[in-house]
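Working notes, beginning with the structure itself.
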Amino acid sequence: MKNVLVTGGAGYIGSHTVKVLLEKGFSVVVLDNLLTGHLKALGKEVKYYHGDIADRSLVLNIVKNESIEAVIHFAACSIVSDSIKRPDYYFTENVAKTNRFVASLLMGGVDKVVFSSTAAIYGVPHSVPIPEDAVTQPVNPYGVSKLMIEQMFYWMELSYGLKWVALRYFNAAGAMLDGSIGEDHEQETHLIPLVLKTALGQQKSINVFGDDYQTPDGTCIRDYIHVLDLAEAHIAALYTLEKANKGVVYNVGTGSGYSVKEVIDIAKRITGKNIHVQLAARRQGDPDMLIAKVDKIKNELAWLPHYSGMDTIIGSAWEWLSKNPKGYRS
Ligand code: UDP
């Protein structure tokens with residue numbers, strides 16, 4: 001398998017995955033509508049189509065002209081708070097459009113898809129680490145939309161023979177180690193980029209959303225996974241699609257977690273800046289702890305995280321942001 005279509009390849013996780021695919025000798029074609037992605041994240045060597053995943057004639061043309069053999073499907077809306085404000089939009093953009101997209105792929109003869117799912121499908125877990133067979137009870141429309149797609153894939157497999165892998169990401173973070181590409185969201189909501197923006201003086205302080213959680217220091221614990229480790233997981237998933245005879249879901253995380261306070265302390269050390277902290281109210285729907293059980297992907301795909309130490313995560317994100325304080329507008 002050589003020719004891979006990456007939807008949402010100009011986005012944060014997509015663009016890092018594209019770079020790693022190219023390094024490994026894949027021939028990569030990107031389809032992106034640039035609603036949230038950045039053309040600059042792709043570089044000139046990548047073949048790029050501007051457009052929507054629901055545009056059937058465009059998708060069929062790409063599949064045919066580029067002899068596409070498999071797809072990595074990142075394109076989605078992914079801001080949790082936004083999904084609560086306008087659930088209909090998320091169900092259209094994520095669920096309905098993916099439904100149409102996958103039907104187009106099958107029509108064009110492509111039956112292999114790696115899908116970016118999320119730990120948000122677990123909702124508030126009963127215990128951690130969370131295995132793949134834990135109860136899935138998402139607490140926001142974003143998580144519901146991703147779970148619906150996993151379920152859709154199950155039926156597309158039974159009825160049409162779709163071959164699929166869904167990767168349930170925990171907290172994606174970090175950047176290309178040389179700082180050449182990184183995270184740039186117009187509406188930034190994630191902890192690590194916001195902490196580093198505070199270090200740069202782009203905002204006065206970092207809000208800590210609650211310090212009375214059931215954790216040792218009272219702040220929420222999350223499982224942060226370096227974006228390059230995520231990229232590698234997609235490639236391992238692509239290879240497994242060649243021999244897989246059944247759709248499968250994998251958690252992608254490290255199996256251990258850091259609290260919000262720990263993240264801020266490490267960022268202070270790495271940046272050498274004084275980062276002002278402001279205690280704020282809890283954010284709706286934040287569980288105390290989210291940590292992945294990662295035995296399944298380690299055992300079945302021989303995947304291991306290599307870049308997900310917190311120093312590497314924050315160090316690479318800092319390299320990117322300090323070189324590009326305005327992101328791709330720098
Ligand atoms: N968080 C915080 N301040 C911020 C952003 C996030 O305290 O400005 C906390 C948030 O409550 C959560 C953790 O940091 O416990 C990670 O949040 P993020 O939005 O990065 O990822 P999520 O876990 O929501 O996917």
Side-chain angles (χ1 to χ4, degrees), residues 12-14 16-17 20-21 24 72-74 78 113-139 142-143 146-147 149-150 153-154 164-175 177 183 190-192 215-216 220-241 243-244 246-260 262-263 266 286-317:
Y12 169 46
I13 303 170
H16 288 77
T17 304
V20 178
L21 282 165
K24 296 198 186 280
I72 305 183
H73 178 36
F74 292 105
S78 61
V113 180
V114 178
F115 171 59
S116 57
S117 187
T118 169
I121 66 161
Y122 296 116
V124 180
H126 295 307
S127 61
V128 292
I130 310 169
E132 283 86 350
D133 60 2
V135 175
T136 48
Q137 218 160 50
V139 291
Y142 166 67
K146 292 284 181 170
L147 182 58
I149 296 170
E150 286 189 7
F153 282 2
Y154 170 80
W164 60 279
V165 175
L167 299 177
R168 295 175 176 170
Y169 315 154
F170 280 65
N171 287 61
L177 302 184
E183 191 166 8
H190 293 119
L191 178 66
I192 291 176
T215 60
C220 290
I221 292 180
R222 295 288 178 272
D223 185 340
Y224 294 90
I225 179 82
H226 196 285
V227 66
L228 289 175
D229 285 327
L230 273 179
E232 296 281 356
H234 288 83
I235 290 157
L238 268 186
Y239 286 127
T240 202
L241 278 178
K243 41 188 197 297
K246 205 173 167 316
V248 58
V249 299
Y250 294 110
N251 287 338
V252 196
T254 63
S256 53
Y258 289 86
S259 73
V260 173
E262 285 172 326
V263 167
I266 297 171
D286 266 340
D288 304 54
M289 265 198 251
L290 285 175
I291 295 175
K293 188 161 167 48
V294 283
D295 303 49
K296 191 175 173 193
I297 188 167
K298 285 184 177 172
N299 293 336
E300 293 182 13
L301 301 191
W303 170 91
L304 279 174
H306 292 113
Y307 305 101
S308 294
M310 194 44 82
D311 277 36
T312 306
I313 287 181
I314 294 184
S316 59

For the residue pair His226 and Thr312, confirm or rule out a side-chain donor-acceptor distance under 3.5 Å. no
Contact summary for Ile313 and Ser308, nearest pair of heavy atoms: CD1-O, 3.6 Å
Shortest non-hydrogen contact from Val249 to Glu132? O-CG, 3.7 Å
Using a 3.5 Å distance criterion without hydrogens, assess whether the side chain of Ser117 forms a donor-acceptor pair with backbone atoms of Arg168. no
What's the spacing between Leu167 CG and Leu301 CG if we round to 0.5 Å? 8.0 Å
Give the intermediate values and the outcome of side-chain hydrogen bond (donor to acceptor under 3.5 Å, both in side chains) for residues Asp288 and Thr215. CA-CA 7 Å; Asp288 304 54; Thr215 60; over 6 Å; no
Please check: side-chain N/O of Asn251 versus main-chain N/O of Val294, any donor-acceptor pairing under 3.5 Å? no
How close do Ala317 and Gly174 get, counting heavy atoms only, and between which atoms? CB-CA, 4.2 Å
Arg222/Glu262 under salt bridge (Lys or Arg N to Asp or Glu O under 4.0 Å): CA gap, chis, key distance, verdict: CA-CA 11 Å; Arg222 295 288 178 272; Glu262 285 172 326; over 6 Å; no
Kindly say whether Gly255 contributes a backbone atom to a donor-acceptor pair with the side chain of Asp223 at under 3.5 angstrom? yes
What distance do Trp164 atom CH2 and Lys246 atom NZ have between them, rounded to the nearest 0.5 Å? 7.5 Å
Should the pair His234 and Phe74 be assigned to parallel (<30°), tilted (30 to 60°) or perpendicular (>60°) ring geometry? tilted
So how far is it from Leu21 CG to Ile235 CD1, rounded to the nearest 0.5 Å? 4.0 Å
Smallest heavy-atom separation, Ile121 atom then Gly143 atom, equals CG2-O, 3.5 Å
